[in-house]
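Below: one structure, written as structure tokens.
All heavy atoms count here, side chains included; hydrogens, waters and symmetry mates do not. Along the sequence shown, residues carry numbers from 1.
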Amino acid sequence: MRGRWSVVGIMGVVALVFMAAAQAGAAGFALYEGGAPADALGANLAGSADDLSALFYNPAGITQFPGAQLMAGATFIAPMTDVTTVNPYSGQSNTKSSESNVWIPPHFYASYQTLENMWLGAGFYSRFGLGTEFDKNWWGRYNNYNAVIQTLSFNPNVAIKLNDKVSVAASVEVMWFDLTLEQKIDATAPFVLGGFGSTLVALGFSTNINDPTTNALDVDSEVKGNTFGYGFTLGLHGKPTDWLSFGASYHSKVKLQKIVRATNSQERREPQEWIAPCAAPTLSGPSCMGGRPKAVAMKIRGWNRARPSSSTRIACT
């Protein structure tokens with residue numbers, strides 16, 4: 001009896017370790033809302049994978065569902081944030097609330113058992129997205145006043161039941177990616193840096209560059225683009241007993257490359273480099289989700305008078 005309870009205790013500790021590990025490495029714009037049950041469990045479903053949202057977290061889990069299955073829904077997300085900025089010239093601070101927007105990432109899943117040990121599945125969902133919007137004249141407008149990322153993924157897959165306890169799956173991911181970035185550019189800078197600050201003063205303008213308290217020489221700038229990228233997903237699911245299950249999933253990098261149009265009312269931007277959303281492998285324990293995304297970064301290489309459309313490269317690290 002003592003030996004039996006020792007084994008059970010060890011297995012429980014291992015399960016807790018896996019559950020804790022699955023929560024590491026999250027990114028601010030990743031979406032884990034693949035379905036209502038998973039939302040309630042904190043997106044920990046790669047281990048149990050006991051409804052069709054397994055196609056989001058761990059596609060190997062669909063071998064638990066006989067015949068044909070369908071599941072659809074959406075999640076309503078209404079983020080709000082307050083940002084305090086400081087005027088570098090006066091030291092005065094200002095707090096601004098973001099606009100009230102509602103984002104609705106959808107999900108649709110289907111599976112079909114074609115053979116005794118083979119299942120086909122397909123998922124349609126969003127893994128990355130959301131955005132922030134502020135008043136066009138808020139103090140942080142020189143960083144951005146509207147930033148939106150939207151994605152939709154289509155994920156057809158095949159799952160094989162190796163035996164009564166272990167299943168594996170593989171799938172292809174086709175991701176649509178859409179980006180909008182809007183900000184203000186202070187046209188004071190080229191005058192001051194070019195030695196014409198006295199001219200601005202004579203005309204009654206401030207020579208403080210990026211001064212949030214004045215917008216007399218602000219110029220609107222916009223970066224927009226959309227493209228498609230491709231990746232893959234691998235899944236492993238096991239259920240050695242009725243009360244214990246485990247899972248591991250891997251979401252590959254999705255490489256996106258497309259022309260992005262960057263415009264403002266005076267000049268065009270140089271080619272810009274983007275790092276797109278990526279997911280890293282993560283092992284999962286009971287009711288734990290799979291891969292985690294990396295951070296997003298933007299690098300603007302410079303200014304000159306370029307054509308209306310400028311080349312952009314989107315890549316993963």
Using ring pair (Phe, Tyr, Trp, His ring centres under 6.0 Å) as the criterion, list what pairs up with Tyr142, not counting sequence neighbours. none

Can you list everything that forms a ring pair (Phe, Tyr, Trp, His ring centres under 6.0 Å) with Trp139? Sequence neighbours excluded, please. none

Which atom names give the shortest non-hydrogen contact between [X] and [Y], and what distance separates them?
X: Ala78; Y: Val102; value: CB-CG2, 4.2 Å
X: Thr151; Y: Arg127; value: OG1-N, 3.7 Å
X: Ala110; Y: Leu55; value: O-CD1, 3.6 Å
X: Ala187; Y: Pro190; value: O-CD, 3.2 Å
X: Ala169; Y: Pro59; value: CB-C, 3.7 Å

Hey, mind stepping through Phe154 and Met175 against side-chain contact (heavy atoms from CB on, under 4.5 Å) and telling me if it holds? CA-CA 7 Å; Phe154 176 65; Met175 179 186 288; over 6 Å; no

Check ion pair Lys184-Asp220 (N to O, under 4.0 angstrom): yes

Would Asp218 and Arg141 pass as an ion pair if we require N to O under 4.0 Å? yes

Donor-acceptor pair, distance only, cut-off 3.5 Å: does the side chain of Ser98 make one with the backbone of Thr81? yes

Is there a donor-acceptor contact under 3.5 Å from the side chain of Thr85 to the main chain of Gly140? no

Trace of the side-chain hydrogen bond (donor to acceptor under 3.5 Å, both in side chains) decision for Asn155 with Tyr109: CA-CA 9 Å; Asn155 194 309; Tyr109 309 112; over 6 Å; no

Can you tell if the side chain of [X] reaches within under 4.5 Å of the side chain of [Y], non-hydrogen atoms only?
X: Ile62; Y: Leu120; value: no
X: Asp164; Y: Lys239; value: no
X: Asp211; Y: Ile209; value: no
X: His107; Y: Ser53; value: no
X: Ile77; Y: Pro105; value: yes

May I have the step-by-step check of side-chain hydrogen bond (donor to acceptor under 3.5 Å, both in side chains) for Ser167 and His237, ending in yes or no? CA-CA 5 Å; Ser167 301; His237 184 262; 5.4 Å; no

Under the side chain to side chain donor-acceptor pair (under 3.5 Å) definition, can you give me all pairs with a residue in residues 188-206, not counting sequence neighbours? Asp186-Thr188

Do [X] and [Y] share a hydrophobic cluster (ILVMFWY, side-chain heavy atoms under 4.5 Å, transitive)?
X: Val201; Y: Tyr89; value: no
X: Leu181; Y: Trp138; value: no
X: Ile185; Y: Phe134; value: no
X: Val172; Y: Leu234; value: no
X: Ile104; Y: Leu152; value: no

Hey, could you give me the [atom1]/[atom2] distance between [X] and [Y], rounded to the nearest 0.5 Å?
X: Ser153; Y: Phe228; atom1: OG; atom2: CZ; value: 10.5 Å
X: Leu200; Y: Leu203; atom1: CG; atom2: CG; value: 6.5 Å
X: Ser221; Y: Asn144; atom1: OG; atom2: CG; value: 11.0 Å
X: Thr132; Y: Glu99; atom1: OG1; atom2: CD; value: 10.5 Å

Polar side chain donor-acceptor pair, Thr84 to Thr95, under 3.5 angstrom: yes

Check whether the side chains of Asp51 and Tyr57 place a donor and an acceptor atom closer than 3.5 Å, and report yes or no. no

Are there over 12 heavy-atom neighbours, none belonging to Phe108, within less than 6.0 Å of that residue's CZ? yes

Counting only heavy atoms not in Phe196 (residues, nucleotides, ligands), do more than 12 fall under 6.0 Å from its CZ? no

Could you go through Leu31 and Trp103, starting from their C-alpha distance and side-chain angles, then the distance that decides it, and tell me whether this counts as side-chain contact (heavy atoms from CB on, under 4.5 Å)? CA-CA 11 Å; Leu31 298 175; Trp103 308 93; over 6 Å; no

Step-by-step side-chain hydrogen bond (donor to acceptor under 3.5 Å, both in side chains) determination, Ser97 to Asp82: CA-CA 4 Å; Ser97 298; Asp82 294 331; 2.5 Å; yes

Pair Phe177-Asn226, side-chain contact (heavy atoms from CB on, under 4.5 Å): steps then yes or no: CA-CA 5 Å; Phe177 179 91; Asn226 58 75; over 6 Å; no

Please list, chain by chain and in numerical order, all residues satisfying side chain to side chain donor-acceptor pair (under 3.5 Å) with Asn163, sequence neighbours excluded. none

Listed pairs under 3.5 Å, donor-acceptor, residues 111-118 side chains, sequence neighbours left out:
residue : atom : partner : partner atom : Å
Gln113  : OE1  : Gly67   : N            : 3.4
Gln113  : NE2  : Leu115  : O            : 3.3
Gln113  : NE2  : Glu116  : O            : 3.3
Thr114  : OG1  : Met118  : O            : 3.4

Between Tyr250 and Phe232, is the ring centre distance below 6.0 Å? yes

Going through the checks in order, is the side-chain hydrogen bond (donor to acceptor under 3.5 Å, both in side chains) test met by Glu133 and Asn101? CA-CA 8 Å; Glu133 181 183 5; Asn101 292 320; 3.0 Å; yes

Taking side-chain contact (heavy atoms from CB on, under 4.5 Å) as the definition, give me every residue that meets it alongside Thr180, ordered by chain and number, with sequence neighbours left out. Asn146, Val148, Asp178, Glu182, Lys224

side-chain contact (heavy atoms from CB on, under 4.5 Å) between Gln150 and Trp176: does it pass, once the steps are laid out? CA-CA 8 Å; Gln150 299 180 88; Trp176 171 78; 4.2 Å; yes

